[in-house]
Structures are given as structure tokens and as C-alpha cells.
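Working notes, beginning with the structure itself.
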2 protein chains.
Amino acid sequence: MHATLRDANPELTPSVEDYLKVIYHLSNQGGFAATSDIAAMLDVAPPSVSGMVKRLSETGLIEHVPYRGVQLTAQGRRAALRMIRRHRLLELYLTQQLGYDWGSVHAEAERLEHAVSDELIDRMARALGDPQYDPHGDPIPTAAGEIEEAELVSLADVSVGTKLELRQVGTQDPARLRYFAEQGLTPGVLLTITDRQPFNGPTTIGLVPSGDPRVVGRELALLLWCREVPITDHGYASR
Amino acid sequence: MHATLRDANPELTPSVEDYLKVIYHLSNQGGFAATSDIAAMLDVAPPSVSGMVKRLSETGLIEHVPYRGVQLTAQGRRAALRMIRRHRLLELYLTQQLGYDWGSVHAEAERLEHAVSDELIDRMARALGDPQYDPHGDPIPTAAGEIEEAELVSLADVSVGTKLELRQVGTQDPARLRYFAEQGLTPGVLLTITDRQPFNGPTTIGLVPSGDPRVVGRELALLLWCREVPITDHGYASR
DNA sequence: TTGAAAGTTTAGTGTAGTCTAATGTTGACG
DNA sequence: CGTCAACATTAGACTACACTAAACTTTCAA
């Protein structure tokens, strides 16, 4: 039984693994990941993405709808979750066992995740007591490729002072999507609620770590779905 | 301060790092490393080596005498020793901190050595107490790029009665490594030669201090590299 | 409804690495 | 001392990945 991740994932190049990981993050809620977004996150030119997209669809890791974007197949998703498991466990291991501080651990994990074996990752997990969450509060996928889906709350429903990670923007309206993007309110962003006026008045958000304020009315706040972020002494470094 | 290894070694590809490492090992006593030997050790075709040799000489990492072989430049040697330091410290860390057994660490270290940062390696070294030898008994180059040159003799070449410290097992073959380990023939062990049959016959070893005998054929004896121990003293026990 | 901006893909090039097949060089031995 | 086997190199092709420039779609707004 038991298609293991190793079985599912014969030999992917580091580059391919990176693409799968960002496609996973970009197509979080079942949507499409856009070429230009992938390019921006990997810091490559858009045509490089088009080229890779072609290769990845040929090997069955993603599905491509021209001019629309890409989605992971089941196989691609397994491979992506394997990388995310590696990344999060490496970050945890480096901070807890080797004294790394939270700010510098990301780059190290980013390189190591392509080189470690499943055995090493499992040994590290065991050494850490098989943790379920990384220090950001993000769930660590299991060796079998399962991940706990975060419970999302609307920004309109949380109390002042709560720290949040924006996870989804609950609209398809292009005008609103654009507006949110202009405000820097895109999935992945960290924020806190600094103020809320009574009688369904506007909510003031503070972006983390810049502290820049954003004011949104209740109608818009209802569209912003967030995950509550546990407070750590490490702050909110990048993932 | 002072030229660090990092300074000396901007960005080498994993492939280049592998070439430098095997060239180091093949040109141990100042000789030339032959194209075909490099090809055999890296499991690539000889023309691939010729191509790489061209690139490496252009970047000043090796010197090439056509139809003779190659030698490392000072810069190439520094880069090679940096990789060897990484490899040996990784092997040690994996065995001591994560429960790997000696037979299986090699492959893992082989991949990781290209991905770890100098900082991580130094942290691992510190966690291990800045060890001088790896699990095979090989000396670990310092962060500054110095390596202890050990004068080792093969067990097949020393005369009966000589007192020896086993320092190095000259094979990567897991089956043989396991066999030697089962026999108690691991680096650091003290032994004497109690008997040797003529005509390339087997050698009988006496372990110190237990006196337990071990019999090894000439082929295996050739793999056991030892340091001659002048007087019995302490300090060879554990690593 | 149309046209321009934004975004995507194609076309063509470059680099690092691999390979096989063909050619060149060296050195050992008859 | 010449020949031939062993070894090394060149020649030429292939893959994966990147890039720029140009062409093609889609979207949005006047």
C-alpha cells in the first residue's frame, strides 16, 4: 500500500521543486496560479515560467489552461507538500537544535530542502517530537502527505489586537481584487487589527512588520479571510 | 578577517565541487589526477571530464597538462578542502546527533555538502565539540582550510609485533564497512599484528587491550590504514 | 465597440552539463 | 625502434534551464 511520497516523486530537479512549491502557495484555494505571479515569486522572467509550465504539464505535475494559469495535479500536490514538509521541519530543526534565529533560517532551509532525504527529514521530525506546527503556526504536512487545513475567520469577526495572516480574498470582482492588491492586502500578508469603530464602522488594520495602516469598511472586511497566527518570540519573518 | 574560505569560493556548482573533491583525493601526494580516473570516480564518460577540465582551468581552480592529468591550484585546493570539511562534519553530525549508522551516512552527506552554508557547518562543528576526526578516522579540515596530514601505513605493510592505531578504512563499500564494524575494526581501535602467513596469506590481528584475535586476508588488510603507535598510552579510546 | 495596456506565449540565443563517435597522443613491448 | 593498445581530446548532438525581443490574447475603459 501506501504510495509513499518517495514513490510518487522519483527525481525532480531543485528548480522543479521550487516551481511546484510556489504554485501550491499561489493556487491555495483551488484557483489558478498566474504565470506572472509565479515569475515574480521565483524571480525569473515570465517566459522562463512558460517554458517550465510546458515541461511540468508534460510530466503530469500540473494542468495548464493557456492565458489563465496552472493548477497542481494530485501528483504535483503531493510533491509540493513533500517540499513544504521538508521546509517547515528544517526551519524548526535549525532553530531548535542548532540555535539559528528565525530571521536567517529561511534561506538555509530553502537550499537544504532539495538535498535532504526522506529518512533524514523523518529523523529530524522524531528528534523534535513529531511536531505538527512550525513556529509560524503553519501546519507541517505529514510524511503521508496530509496537511491540516487552517480554519479561516473573516477579518470582520476577529477582535482588536489579534495577529492574522491573510489567506484568501473572498471575491471574484476584479475591481475589488485590484483594490486589495493595491493596498498590499494579498494572501500571505501578516497584519493586526489596531482599531474597529462601533456600529459596523470601519476597521483599521496594521500591516506587519511595517505597521502601515489600512482602513477598510465592514463590507470589505467581510471578504478578507484570515488565519489567526499564534504569537511567537520570533516575530513574523518570511516563510 | 583574513581570507576566509567563503571569500575564496564564490559560487561553485555541485558538479564543480564534486570534481574538485575527487581531484583532491586522486592527486593526494602531489601527483596528477588522470582523466579516466576522475571519470571512473564520478561515474561519467571521459569526454565529460575533458570538458569540465577546460572550464576549471579557465577559472583557475586546476592546472591541466594535456594527456597527463590535472592538479589543484591553491584556490582549487581550498575549495576542495572546504567540501571535505563539510562532508566529514556532516557524516559525524548525522551519526552522532541523528542516529545514522556509518554505512549509510555517506550518501546523505554527499548530497548535503553542496547545500549547507558555512554557518551551518560551523554550528554543527560546535555542537559536536569541534572534532578533529570523522567517523572513519579521517582528519577534518579546519574552517581556515588546514588539514592534518596523517602518515598512514596499510595494515598489509607493517611487520609483526608493531603496535597500531586504526585510523582509516579505505573503502566506501557499505558491506565492507559493516563487516569491519562487526569485527570491531573501527577507527580509533588499537591493535597489534600477531601473525602473518607468507605468500600473501592472511594476517592475524590482536585487538588491544582485549587481545581478541581477528584474521583478515591481504585484500582486506590493504584497506586498513593505521598509524604506528610508539608507546602504549591513553587517548585513543573514543571519538 | 474599439483600442491600448497588461499579461502570456513563441522564437531564438546562451550556458552548463551530459553523451557517443571519431580522432590524436603516448608509451610499452615485441 | 616501430606498432598498437590504452588513454585523452575534439566534434557534434541533446537536455534543462535561463534570458531578450517579438507576437499574440485578454481585459478594461473611453
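Proteins get letters first, then strands, A, B, ... in listed order; numbering begins at 1 in each.
- No side-chain N or O of S27(A) forms a donor-acceptor pair with one of Q71(A) less than 3.5 Å apart.
- As judged by a 4.0 angstrom heavy-atom cut-off over every strand, S50(B) is placed among the base-contacting residues.
- Across all strands shown, S48(B) has heavy atoms under 4.0 Å from base atoms, whether or not it also approaches the sugar-phosphate.
- A salt bridge does not link R86(B) to E110(B): none of the charged side-chain nitrogens sits closer than 4.0 Å to a carboxylate oxygen.
- Look at CD on E11(A): it is 13 Å from P on dC17(D), rounded to the nearest Å.
- When the nucleotides dA8(D), dA11(C), dC17(D) are ranked by their closest atom to the side chain of T35(B), dA8(D) comes out on top.
- T13(A) has a side-chain polar atom (N or O) that falls below the 4.0 Å cut-off from OP1 or OP2 of dC17(D).
- When the side-chain nitrogen and oxygen atoms of H64(A) are compared with OP1 and OP2 of dT9(C), one or more of them lie within a distance under 4.0 Å.
- Among the nucleotides dG7(C), dT20(C), dC19(D), the one closest to the side chain of S36(A) is dG7(C).
- Relative to the six-membered ring of Y100(A), R123(B) meets both conditions, a distance below 6.0 Å and an angle of at most 45° to the axis.
- No side-chain donor from either of D134(A) and H87(A) sits under 3.5 Å from a side-chain acceptor of the other.
- Listed pair Y19(B) / dT18(C) meets the phosphate criterion, a side-chain N or O lying under 4.0 Å from OP1 or OP2.
- In this structure, V44(B) reaches the sugar-phosphate backbone alone: every heavy-atom distance under 4.0 Å involves primed, P, OP1 or OP2 atoms, never a base.
- Straight-line distance from the CD atom of E58(B) to the P atom of dG17(C): 12 Å, rounded to whole Å.
- Summarising the local packing, CD of E63(B) is surrounded by 12 or fewer heavy atoms from other residues, nucleotides or ligands at distances under 6.0 Å.
- Rounded to whole angstrom, the span from the CE atom of M52(B) across to the C1' atom of dA8(D) amounts to 17 Å.
- Going from atom CZ of R68(A) over to atom P of dT9(C) covers 12 Å, rounded to whole Å.
- Spacing between atom CG of D37(A) and atom C1' of dT8(C) amounts to 12 Å, rounded to whole angstrom units.
- The CG atom of L61(B) sits 13 Å away from the P atom of dA16(C) (whole-angstrom rounding).
- Whole-Å rounding puts the K54(B) NZ to dA16(C) P distance at 11 Å.
- Nearer the 5' end of DNA chain D, as judged by each residue's closest nucleotide, is the contact made by R55(A), out of Y67(A) and R55(A).
- One can place CZ of F32(A) at 17 Å from C1' of dT27(D), the figure rounded to the nearest angstrom.
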